[in-house]
Amino acid sequence: MRTRLIYGVVLLAFFAMGCKGAKRPEGMPQLLPVTLVITQDDNVPLSEAQVTLSPVGSGADSGWAVGGTTDESGTAIIYTHGQFAGAPEGTYKVFLKKTKITDPVSYEEAPDDIAGFKRWETEHAAELAAKLAKSKAYNCVEPVYTSVNTTPLEINVNKENSRFELNAGKVVEVEIKEKGR
């Protein structure tokens, strides 16, 4: 009985260790911690922005997706493949995306179950379509900062540099026009 208990505890410990975090992909380089603080002119934090790091030249390993999302203070903790904290050493172009939608369609009153949701969506289709037609979408970052080809933002991730403060230009709201409209 005691032996079974010991085996059970050991087996449970192995399962707990295995479930703690995702296994790093084979060949993933060492990741260094990276924090970005992104503001716009007048030190306005750029909150809820998608941050993407794109490797420059051969200094950074280009086979890994690297990025994060800023919080309300404009701070983004950078992850590789969305789950491993940090980025491989190297130089990166930093580009940003933040979209604001006026009068977004709300699904708060919709049921949680799939069948109920589909029924609710069908019953409210005309109302949802009308609201969607009136809504507008805006880019909240100057266009120069939204593409890897045009962004002037660049960082060099190494053991000495882990925190970067970047300015993403003016606070803007550039309406996104649908193609064909």
Side-chain angles (χ1 to χ4, degrees), residues 16-108 112 132 135-179:
M17 288 185 337
C19 296
K20 221 172 198 177
K23 184 178 176 188
R24 287 173 55 111
E26 189 173 320
M28 179 179 274
Q30 176 187 4
L31 302 179
L32 302 173
V34 178
T35 302
L36 299 178
V37 179
I38 302 173
T39 58
Q40 290 177 297
D41 287 351
D42 299 324
N43 280 333
V44 175
L46 182 60
S47 64
E48 300 175 14
Q50 187 177 1
V51 180
T52 305
L53 277 58
S54 180
V56 174
S58 60
D61 190 331
S62 62
W64 306 98
V66 182
T69 303
T70 59
D71 63 15
E72 65 280 345
S73 70
T75 302
I77 306 298
I78 300 303
Y79 289 87
T80 297
H81 278 279
Q83 57 187 337
F84 303 100
E89 186 170 4
T91 302
Y92 294 87
K93 287 284 199 171
V94 179
F95 59 104
L96 311 164
K97 180 176 181 153
K98 178 178 177 178
T99 305
K100 174 184 167 185
I101 300 175
T102 62
D103 298 322
V105 173
S106 174
Y107 290 93
E108 289 179 16
D112 290 335
L132 188 59
S135 68
K136 293 183 179 182
Y138 297 90
N139 282 326
C140 299
V141 178
E142 288 185 89
V144 68
Y145 299 102
T146 63
S147 168
V148 68
N149 298 319
T150 59
T151 182
L153 303 176
E154 193 171 285
I155 63 171
N156 186 3
V157 175
N158 57 52
K159 290 177 180 149
E160 289 80 39
N161 295 316
S162 65
R163 182 177 170 86
F164 302 89
E165 295 185 10
L166 303 173
N167 183 283
K170 294 184 275 185
V171 176
V172 297
E173 284 188 6
V174 179
E175 187 175 353
I176 300 169
K177 304 268 188 195
E178 282 187 50
K179 292 181 181 179

Quick one: does any side-chain atom of [X] pair with a main-chain N or O of [Y] as donor and acceptor, under 3.5 Å?
{"X": "Thr70", "Y": "Leu46", "value": "yes"}
{"X": "Lys100", "Y": "Cys140", "value": "no"}
{"X": "Gln40", "Y": "Lys170", "value": "yes"}
{"X": "Arg24", "Y": "Pro29", "value": "yes"}
{"X": "Ser47", "Y": "Glu72", "value": "no"}
{"X": "Thr102", "Y": "Lys136", "value": "yes"}

A side-chain contact here means heavy atoms from C-beta on lying under 4.5 Å apart; do [X] and [Y] qualify?
{"X": "Thr99", "Y": "Asn139", "answer": "yes"}
{"X": "Pro143", "Y": "Thr150", "answer": "no"}
{"X": "Leu53", "Y": "Leu36", "answer": "yes"}
{"X": "Val37", "Y": "Arg163", "answer": "yes"}
{"X": "Pro88", "Y": "Leu31", "answer": "yes"}
{"X": "Asn161", "Y": "Ile155", "answer": "no"}

(request) Go through the steps to decide whether Phe95 and Thr146 satisfy the test side chain to side chain contact (heavy atoms under 4.5 Å, CB included), and finish with yes or no. (result) CA-CA 5 Å; Phe95 59 104; Thr146 63; 5.9 Å; no
Nearest heavy-atom neighbours spanning [X] and [Y]:
{"X": "Pro45", "Y": "Gly74", "result": "CB-N, 3.7 Å"}
{"X": "Glu89", "Y": "Asn158", "result": "OE2-CB, 3.6 Å"}
{"X": "Ile78", "Y": "Gly68", "result": "CD1-N, 4.1 Å"}
{"X": "Ile38", "Y": "Ala168", "result": "CG2-CB, 4.0 Å"}
{"X": "Val157", "Y": "Ala87", "result": "CG1-O, 4.1 Å"}

(request) Please say whether more than 12 non-hydrogen atoms of neighbouring residues, nucleotides or ligands are located less than 6.0 Å from CD in Glu154. (result) yes
(message) side chain to side chain contact (heavy atoms under 4.5 Å, CB included) for Glu165 and Thr39? Distances and angles first, verdict last.
(response) CA-CA 8 Å; Glu165 295 185 10; Thr39 58; over 6 Å; no
Could you state the interatomic distance from [atom1] ([X]) to [atom2] ([Y]), rounded to the nearest 0.5 Å?
{"X": "Asn156", "Y": "Thr91", "atom1": "CG", "atom2": "OG1", "answer": "4.0 Å"}
{"X": "Phe84", "Y": "Lys23", "atom1": "CZ", "atom2": "NZ", "answer": "10.5 Å"}
{"X": "Leu96", "Y": "Ser147", "atom1": "CG", "atom2": "OG", "answer": "11.0 Å"}

(message) Which residue in the set Leu153, Val44, Asp42, Asp41 passes side chain to side chain contact (heavy atoms under 4.5 Å, CB included) when paired with Asn167?
(response) Asp41
